[in-house]
2 protein chains.
Amino acid sequence: MQFSFRMPVAVHILLCVASFQDELKVTSNFLAGSVNVHPVIIRKTMGQLKAAGLVDVAAGVGGARLSRSPEEITLLDVFHAVEEEEDLFHFHENPNPACPVGRNIHALLDNRLQTIRGHMMKDLEAITLQSLLDDLKAKTT
Amino acid sequence: MQFSFRMPVAVHILLCVASFQDELKVTSNFLAGSVNVHPVIIRKTMGQLKAAGLVDVAAGVGGARLSRSPEEITLLDVFHAVEEEEDLFHFHENPNPACPVGRNIHALLDNRLQTIRGHMMKDLEAITLQSLLDDLKAKTT
DNA sequence: TTTGTTGCAATATCATAGATTACAACAAAT
DNA sequence: ATTTGTTGTAATCTATGATATTGCAACAAA
């Protein structure tokens with residue numbers, strides 16, 4: 001089990017927008033060509049990024065731009081924009097309350113797993129779009 | 001998206017085995033009653049725990065026991081026993097190699113996300129079955 | 001008014017997880 | 001040796017969620 005590819009796709013979109021917004025009109029069709037998914041998926045994801053205040057999309061005429069500088073966009077922002085707010089692990093419903101383990105399993109695991117999730121969020125927060133752009137530049141020059 | 005509930009179920013199984021192995025025969029039907037899932041799911045999960053060397057199951061006569069002491073079983077052991085070895089995030093296949101972003105997106109994200117996954121593994125490793133049993137005892141007495 | 005685009009709904013397709021059924025293999029008890 | 005209760009495993013069913021696809025109204029600029 002793993003997270004869907006919405007997150008990598010969203011990062012891909014943001015990198016493309018950051019890289020090309022000054023040279024050409026970054027449309028969902030253009031992005032679909034680079035990411036290689038259906039344009040509607042791009043538009044949907046872009047809608048989430050827009051709702052999160054990460055990009056501005058020009059309705060009608062088309063094209064997208066970053067709403068903030070790449071230093072101010074972290075992977076945590078992207079994650080929150082794109083993924084549901086869920087627990088990392090899915091608990092089984094209705095464990096038997098007559099069993100001491102069943103009665104307590106949820107409470108036992110919950111805070112420990114939330115801690116792990118918290119660490120993951122911190123890690124994502126430490127990665128900025130700018131750092132990815134820097135790496136990208138290093139790889140392409 | 002999140003991990004399936006195999007992991008919490010496996011922990012539940014191990015806690016029950018540890019708690020009851022000296023008092024009664026811990027069968028898949030007994031466990032199914034506490035966890036509240038189908039006995040076949042228990043047997044399947046138990047098979048994974050057995051293959052990972054965490055429990056011994058008595059074929060024929062039935063009943064399970066821990067193969068090691070609870071101090072020597074970590075949630076990382078359980079995780080490896082029960083979850084596929086996958087990346088945390090699912091990458092989109094076939095990004096456009098003609099685009100500098102598409103050509104590099106995988107390499108850009110991969111090691112960063114692997115690092116995050118590594119932290120998660122370390123966190124899981126720090127949680128022993130014994131610590132859960134201690135908490136359980138504190139809650140039930 | 002035309003053109004290219006976004007936003008969104010509806011539907012289709014596909015993969016995966018869990019539930020369920022069925023049954024052979026097994027070991028102990030009698 | 002037979003019975004009994006259990007494990008191990010395969011096959012199938014169902015539900016859910018993710019992505020793909022189609023279609024179209026709304027929009028803004030030329």
Side-chain angles (χ1 to χ4, degrees), chain A residues 1-10 12-13 16-17 20-21 24-33 35-52 55-65 81-87 89-95, chain B residues 1-10 12-13 16-17 20-21 24-33 35-52 54-65 67 81-87 89-95:
Chain A
M1 207 59 174
Q2 54 188 2
F3 291 101
S4 76
F5 67 44
R6 283 204 298 275
M7 166 91 174
V9 165
H12 191 144
I13 288 174
C16 278
V17 171
F20 301 121
Q21 63 181 4
L24 45 85
K25 192 168 69 166
V26 185
T27 68
S28 61
N29 276 307
F30 172 82
L31 289 166
V35 178
N36 198 29
V37 296
H38 200 277
V40 173
I41 304 293
I42 300 287
R43 293 210 277 271
K44 215 167 179 179
T45 305
M46 200 100 101
Q48 297 178 300
L49 295 174
K50 184 176 155 189
V55 297
D56 291 312
V57 183
V61 60
R65 303 187 63 84
V82 148
E83 294 282 344
E84 317 285 329
E85 277 301 328
E86 281 173 340
D87 291 333
F89 290 88
H90 177 62
F91 272 95
H92 48 297
E93 309 286 330
N94 312 317
Chain B
M1 207 56 175
Q2 53 188 2
F3 292 101
S4 77
F5 66 42
R6 282 206 298 275
M7 167 91 172
V9 165
H12 191 144
I13 289 174
C16 277
V17 171
F20 300 122
Q21 64 181 5
L24 45 84
K25 194 167 69 168
V26 186
T27 67
S28 61
N29 275 306
F30 172 82
L31 289 166
V35 178
N36 198 29
V37 295
H38 200 278
V40 172
I41 303 294
I42 299 288
R43 293 209 277 272
K44 218 168 178 177
T45 306
M46 201 99 101
Q48 296 178 300
L49 295 174
K50 184 176 153 187
L54 302 182
V55 297
D56 291 312
V57 182
V61 59
R65 304 188 60 84
S67 313
V82 149
E83 295 283 344
E84 317 285 329
E85 278 302 328
E86 282 173 342
D87 292 332
F89 291 89
H90 177 61
F91 272 95
H92 47 298
E93 308 286 330
N94 312 317

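Just so it is clear, the structure is predicted and the values come from calculations on it, not from any experiment. Letters go in sequence order (proteins before strands), and every chain restarts at 1.
Here the CE atom belonging to A/M7 is positioned 9.5 Å from the CZ atom belonging to B/F91, to the nearest 0.5 angstrom. The OG1 atom of B/T45 sits 5.0 Å away from the CD1 atom of B/I13 when rounded to the nearest 0.5 Å.
In this structure, the side chains of A/Q48 and A/R6 come closer than 4.5 Å at one or more pairs of heavy atoms. Between A/V55 and A/R65, the closest side-chain pair of non-hydrogen atoms is not below 4.5 Å. Counting only heavy atoms from C-beta outward, the side chains of B/H90 and A/P8 never approach each other to under 4.5 Å. Taking the side chain as every heavy atom from C-beta outward, B/S67 and B/D56 approach each other to under 4.5 Å.
Terminal axes of the helix from C/dT1-D/dA30 to C/dT30-D/dA1 (five pairs each, C1' rotation axis) are separated by 10°, to the nearest 10°.
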Any N/O pairs under 3.5 Å between the protein and nucleotides 27-29 of chain D? List them or say none.
none

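A heavy-atom distance below 4.0 Å to DNA chain D is reached by these residues of residues 36-45 of chain A, ordered by number: A/V37, A/H38, A/V40, A/I41.
Distance NE2 (B/H90) to C1' (D/dG17): 13 Å, rounded to an integer number of Å. Distance CG (B/N29) to C1' (C/dA19): 15 Å, rounded to an integer number of Å. One atom, CZ of B/R6, and another, C1' of C/dA19, lie 15 Å apart when rounded to the nearest Å. With rounding to whole Å, B/M46 atom CE is found 7 Å from D/dG8 atom P. When rounded to the nearest whole Å, the span between CD of B/E83 and P of C/dT16 equals 14 Å. Note: CZ (B/F30) to P (D/dT7) measures 12 Å, nearest angstrom. Whole-Å rounding puts the A/N94 CG to C/dA19 P distance at 11 Å. The interatomic distance linking B/Q48 (CD) with D/dT9 (P) rounds to 11 Å, in whole Å.
Heavy atoms only, all atoms of each residue included: B/L49 and B/A81 are closest at CD2-CB, 4.1 Å.
Qualifying side-chain contact (heavy atoms from CB on, under 4.5 Å) partners for B/A64, counting only residues two or more places apart in sequence or in other chains: B/V17, B/M46, B/V57.
Side-chain atoms of A/N36 come within 3.5 Å of backbone N or O of B/N94 as a donor-acceptor pair.
At C/dG7, one or more side-chain N or O atoms of A/K50 fall inside 4.0 Å of OP1 or OP2 (strictly under the cut-off).
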With a cut-off of 3.5 Å and sequence neighbours excluded, list every side-chain donor-acceptor pair involving residues 25-33 of chain B.
unit_1: B/K25; atom_1: NZ; unit_2: B/V61; atom_2: O; d: 2.9
unit_1: B/T27; atom_1: OG1; unit_2: B/N29; atom_2: N; d: 3.4
unit_1: B/T27; atom_1: OG1; unit_2: B/F30; atom_2: N; d: 3.1
unit_1: B/S28; atom_1: OG; unit_2: B/R43; atom_2: NH1; d: 3.1

